[in-house]
Protein chains: 2
Amino acid sequence: MSPNRSVNRLLQYRTCLLKFQDLGFEKVFSYNLGEEAGVTPEQVRKDFSHFNIKGHKKGGYNINELLFTINNIFKSYKVQKIIVVGMGNIGTALTQFINFKNNNLTIVAGFDINPTALKKKFDIPVYPVNEMGNFIKANRIKIAVLAVPGPAAQEICNTLVTAGIKGILNFSPVILKTPNNVSVKNVNLIDELEGLIYSSVLS
Amino acid sequence: MSPNRSVNRLLQYRTCLLKFQDLGFEKVFSYNLGEEAGVTPEQVRKDFSHFNIKGHKKGGYNINELLFTINNIFKSYKVQKIIVVGMGNIGTALTQFINFKNNNLTIVAGFDINPTALKKKFDIPVYPVNEMGNFIKANRIKIAVLAVPGPAAQEICNTLVTAGIKGILNFSPVILKTPNNVSVKNVNLIDELEGLIYSSVLS
DNA sequence: TAGATTGTTAATCGATTAACAATC
DNA sequence: TAGATTGTTAATCGATTAACAATC
């Protein structure tokens, strides 16, 4: 497995490549990508080397080829079914954002303690949390977005893991305990803002 | 300035400490915090050392004291005024989440291209983007959350920077160019999910 | 006191950067 | 060809881990 940092940057390069493609470019050199992504050209080439991505000596990288290769690495050619747990403000917004934006990532269902109490209209089916385990197994869901209040997070996480979830995008302000074949990415909005304030105040 | 990683972990420790406090504990040892946060006890002590945080030899760390010290480092004792640009689903959800959750971080205003067209009721005043610069200057805002569509992001970012913003939490799928006295934290939800799929599929 | 824990210094590890041969 | 760029190997840098003296 390639280092995590490289994986993140590879996704950033993709964002840059899409922009270049949009501008009508056909190829890039490592220093173009580096400049756009805010890293050195050596970093770009080193990252590509990790994934065995080849360019053309002196000729740089063909943007379409490169995007194809990267999308292949991330299996972006096939639809990935995802569920959202916790259909509050954040959960609902994420669902709309992801389903509207992208066609390989699809939120197929939402879960909440008591969906009928929410009195909202959703774009996806929303079921009570106690049906979650069966749904995950029946649909072989591997990825879940967790957007429930802190105190509920660990218990729901356990249910997710038991049902077969392998990756969790966690918006709850809790550090989840999971077996190490389950990966967790934390997005703690308060912490991000605090970190920003920290670096802004001192500099 | 202390290393970025340490800053992030310090914020995580705070989350853990709040949990411990909630459970009625009064003190922790470095291995308690380490276990809870998923790092080694040495890492915890090293991080504290960066910020010159002192415990008690053999006696561990008093939770209240420690929380006070950490909150002090992040200036959490005083209200931080923040604005949100882009009052779509994500922007609106973030506003509600942050204002509801925490009382030192306050979203004081939102901005959108054409607020009246949104036909939504907001909990905060929402103004058109062209009033943004003046508002930032008049209220000495230093932190902004950016949640606008990709193509609009860089231009709005430039306006923010010119008006005096020093930190940007960026939800737009764009790598922003800013002068190096302005810090940017990117939250790219699609990338986070793709990264999760990458690690889940391969392991 | 003896055992346990902190705080720091030294050693290791991994990631980034520099250098350069290969080559188009 | 000469100059420019890739891809990889070596050197550097920084962050994590280990070791241990201080001490309660």
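Numbered from 1 within each chain, the chains take letters A, B, ... in sequence-line order.
- One atom, CD1 of B:Ile53, and another, P of C:dT8, lie 12 Å apart when rounded to the nearest Å.
- Between A:Lys58 atom NZ and D:dG7 atom P the separation is 15 Å, expressed in whole Å.
- The distance between atom NZ of B:Lys27 and atom C1' of C:dA4, rounded to the nearest whole Å, is 11 Å.
- Among the protein residues, A:Ser6 comes within range of no part of the nucleic acid, since none of its heavy atoms lies under 4.0 Å from any strand.
- The six-membered or imidazole ring of A:Phe135 lies near that of A:Phe111, with a centre-to-centre distance under 6.0 Å.
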Study note, to complete from the structure: Pairing string of DNA chain D (Watson-Crick or G-U wobble, both atom distances under 3.5 Å; | = paired to other strand) is ..||||||||||||||||||||||
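- Atom CD1 of B:Ile113 is surrounded by 12 or fewer heavy atoms from other residues, nucleotides or ligands within 6.0 Å.
- The aromatic ring centres of B:Phe48 and B:Tyr61 sit less than 6.0 Å apart.
- For B:Leu67, the CG atom is densely surrounded, since the number of other residues' heavy atoms within 6.0 Å is greater than 12.
- Proximity note for B:Ser30 (side chain, C-beta onward) versus D:dG7, C:dT6, D:dT16: the nearest is C:dT6.
- Residue A:Glu42 qualifies as enclosed at atom CD: its count of foreign heavy atoms under 6.0 Å is above 12.
- Taking atom CZ on A:Arg9 and atom C1' on C:dT17, their separation rounds to 12 Å, with Å as the unit.
- The separation between A:Phe51 atom CZ and C:dA15 atom C1' is 14 Å, rounded to whole Å.
- With the nearest nucleotide of DNA chain C identified for both B:His56 and A:His50, B:His56 has the one nearer the 5' end.
- Within a 6.0 Å radius of CD in B:Glu131, other residues, nucleotides and ligands contribute more than 12 heavy atoms.
- Side-chain contact annotation: A:Gln154 with A:Asn158, donor-acceptor N/O pair under 3.5 Å present.
- A heavy atom closer than 4.0 Å to some atom of DNA chain D occurs in A:Arg45, A:Lys46, A:Ser49, these being the qualifying members of residues 34-49 of chain A.
- Rounded to a whole Å, the CG atom of A:Leu33 is 10 Å from the P atom of D:dT6.
- Distance A:Asn32 CG to D:dA4 C1': 13 Å, rounded to the nearest Å.
- Nucleic acid contact class of A:Gly59 (heavy atoms, under 4.0 Å, all strands): none.
- The shortest distance between the side-chain N/O atoms of B:Lys54 and the OP1/OP2 oxygens of C:dT8 is below 4.0 Å.
- Within the 3.5 Å criterion, the main-chain N or O of A:Gly91 finds a donor-acceptor partner in the side chain of A:Thr95.
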Tell me which donor-acceptor pairs under 3.5 Å the side chains of residues 14-24 of chain A have, and how far apart each pair is, sequence neighbours excluded?
residue: A:Arg14; atom: NH1; partner: A:Asn71; partner atom: OD1; Å: 3.0
residue: A:Arg14; atom: NH1; partner: A:Ser76; partner atom: OG; Å: 3.3
residue: A:Arg14; atom: NH1; partner: B:Glu194; partner atom: OE2; Å: 3.4
residue: A:Arg14; atom: NH2; partner: B:Glu194; partner atom: OE2; Å: 3.1
residue: A:Thr15; atom: OG1; partner: A:Leu11; partner atom: O; Å: 3.3
residue: A:Lys19; atom: NZ; partner: A:Glu36; partner atom: OE2; Å: 3.0
residue: A:Gln21; atom: NE2; partner: A:Asn64; partner atom: OD1; Å: 2.7

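- Side-chain to base pairing of B:Lys57 with C:dT6: one donor and one acceptor N or O lie within less than 3.5 Å of each other.
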